[in-house]
Amino acid sequence: MGFEIIELKSFGDKNGSLVPLEANRNVPFDIKRVYYIFGTKSDFVRGKHSHLKLKQYIICVSGSCDFYLDADAKGKKLISLNTPLKAIYIEGNVWREFSNFSKDCVILVLANQYYDVSDYIRNYEEFLECRKI
Ligand code: TYD
């Protein structure tokens, strides 16, 4: 349970770059779902939830945004994403909020499970309670 920042290897030269993502190689799970988030108003706060079991691999492929992650119920840590060469790997019950979106921000998310509403904790107090168990 927790999160990790991963530096991604890119291939390319002055003409452009390419980053491959492969299940069970540089992405540490079987990928069942991919989604992307774009066009978010800069002051809107997304997320505001944790997941019980889900594993996610999150990359800001364009622009920038700020992630606030709480993995230990001791407070939210800020991680600014502004490069397609960095991923956040999140496993299990980690509270996440993201905000401060640039106009061109596109966030790519890979996940190891299909969408499942029952895997969400949407209340921060409930998340804290859950972490005590
Ligand atoms: P939500 O999880 O609330 O987005 P965020 O945490 O980024 O603010 O999802 C927004 C909407 O999209 C909600 O109606 C559920 C739907 N949704 C899916 O149908 N499939 C998915 O894989 C995800 C992540 C969301």
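Both counts, for ligands and for their atoms, begin at 1 and track the order of listing.
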Applying side-chain contact (heavy atoms from CB on, under 4.5 Å), name anything that partners D104, two or more places apart in sequence or on another chain. S62, S102
Is the shortest distance from atom 14 (O) of ligand 1 to a protein heavy atom below 4.0 Å? no
Should the proximity of R122 to ligand 1, defined as any heavy atom under 4.0 Å, be assigned to the side chain, the backbone, both, or neither? side chain
Atom 4 (O) of ligand 1: which protein heavy atom is closest, and how many Å away? R46 NH2, 3.7 Å
What do you reckon, does I37 have a nitrogen or oxygen under 3.5 Å from a nitrogen or oxygen of ligand 1? no
With heavy atoms and a 4.0 Å threshold, my read on which part of H49 contacts ligand 1 is side chain
Quick one: look up the protein heavy atom nearest atom 8 (O) of ligand 1 and list residue, atom name and how far away it is. G47 N, 3.2 Å
Less than 4.5 Å apart, any side-chain heavy atom of D70 and any of Y124? yes
Are Y89 and F29 side-chain neighbours, meaning at least one heavy-atom pair lies under 4.5 Å? yes
Modelled atom types, side-chain donor and acceptor of S80 and N82, under 3.5 Å: no
For atom 11 (C) of ligand 1, is the nearest protein heavy atom under 4.0 Å away? no
Any chance the side chains of S99 and D66 put a donor and an acceptor closer than 3.5 Å? no
Just checking, is any N or O donor in the side chain of N112 or Y57 under 3.5 Å from an acceptor N or O on the other one? no
Nearest neighbour of atom 16 (C) of ligand 1 from the list Y115, Y35, Y120, on a heavy-atom basis: Y115
If we number the atoms of ligand 1 from 1 as shown, the ones under 4.0 Å from a heavy atom of R33 are 21 (C), 22 (O), 23 (C), 24 (C)
Could you tell me whether K48 sits above the aromatic face of Y68, with NZ or CZ closer than 6.0 angstrom to the six-membered ring centre and within 45 degrees of the axis? no
